Amino acid sequence: EWPKRVTGILVMAVCLFGSVASGATPSSVFITPSKSGTMVRTEHDQVQISACGPSVLHITGGVDTPKPSAAHAPWIITPCTDSPMVLTQESKTAVLSTAQLKVRIGLETGALSFSDGAGNELLAEDRARARSYEPLGGPQDHLYRISERFALPVDEALYGLGQHQSGLLNYRGTPTI
C-alpha cells in the first residue's frame, strides 16, 4: 500500500509542477482558425471574424454557431471575399492581423479590441461585459435581446444614428432602442 501512496503523490506533484512550470492558466476562450476566418468561443457566445480585405472585417456572433449574413444584403455593394489573416498569440491575448487592421481577443473574457496597423486603438469592447444575450422566452424561445458594450474615452461623443429623430446630436450616455 505504501508504494501506491508514494506513486500517487509523485504523479500529483509532477502534474502540479508541470502546470505551474508551463504557466498554464485556465482559459474560458477558445480560438479556432478556419478557412473562412477565425471562430472565437466563450462561455456565453461564439463570434466568427472574417477579413473581407485588408481594411474590412466581417463579424457575426450569437449564442449558437454564428450564421452568415443574409444572401441578399442590399447595403453591401461588394460581397466579402476571403482575405488572409495572421493569428498570433501573446500571454493574455490572441491577435488577428491583416495588412491594415489588428483584432485583439482577450483570452480571459473574449472581449475584442480593434487597432490600425500601427497599433492605434480604433474601438474596444468593454472588457467586463462586452456582449450579452438575454433569451426572450415564451413562444420566442429562439429570440434574444442582444446588448453590445464598448469602452469609450471620456471625451468621445457618439454621432450619427440618423434613424432616431430625437433631436440629440451627441448620443453618449443615451439608450437607443
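Only heavy atoms go into these numbers, but all of them, side chains included; no hydrogens, no water, no symmetry mates. Computed from a predicted structure; not experimentally measured.
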So which heavy atom on [X] is nearest to which on [Y], and how close?
X: Gly53; Y: Ser83; result: N-CB, 3.4 Å
X: Met39; Y: Gln48; result: CE-OE1, 3.4 Å
X: Lys102; Y: Ser97; result: CG-OG, 3.7 Å
X: Ile49; Y: Met85; result: O-CE, 3.4 Å
X: Arg127; Y: Thr109; result: O-CG2, 3.6 Å

Practice prompt. Please tell me if the side chains of Val29 and Val40 come closer than 4.5 Å, counting only heavy atoms from C-beta onward.
Written response: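 The answer is yes; the side chains approach within 4.5 Å.
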Under the rule for salt bridge (Lys or Arg N to Asp or Glu O under 4.0 Å), what residues qualify as partners of [X], not counting sequence neighbours?
X: Arg104; result: Glu90
X: Glu43; result: none
X: Glu148; result: none

[X]: partners by side-chain contact (heavy atoms from CB on, under 4.5 Å), with sequence neighbours left out:
X: Pro84; result: none
X: Val56; result: Cys52
X: Ser147; result: Ser132, Arg149
X: Leu87; result: Ile31, Pro33, Ala94, Leu96

Linking I/L/V/M/F/W/Y whenever any side-chain heavy atoms sit under 4.5 Å apart, do [X] and [Y] land together?
X: Val95; Y: Leu122; answer: no
X: Phe114; Y: Ile105; answer: yes
X: Leu123; Y: Leu112; answer: yes

Discussion item. Between the side chains of Glu156 and Arg172, is the shortest nitrogen-to-carboxylate-oxygen separation below 4.0 Å, so that they form an ion pair?
Written reply: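 Salt bridge between Arg172 and Glu156, a charged N being under 4.0 Å from a carboxylate O: no.
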ILVMFWY clustering at 4.5 Å (side-chain atoms), partners of [X]:
X: Val86; result: none
X: Leu143; result: Leu136
X: Val63; result: Tyr133, Tyr144, Ile146

Worksheet entry | Those residues that, when tested against Arg41, pass side chain to side chain donor-acceptor pair (under 3.5 Å) (two or more places apart) |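 Arg41: side chain to side chain donor-acceptor pair (under 3.5 Å) contacts with Gln46.
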Discussion item. Enumerate the side chain to side chain donor-acceptor pair (under 3.5 Å) contacts for residues 110-124, please, sequence neighbours excluded, ordered by first and then second residue.
Written reply: Asp116-Asn120
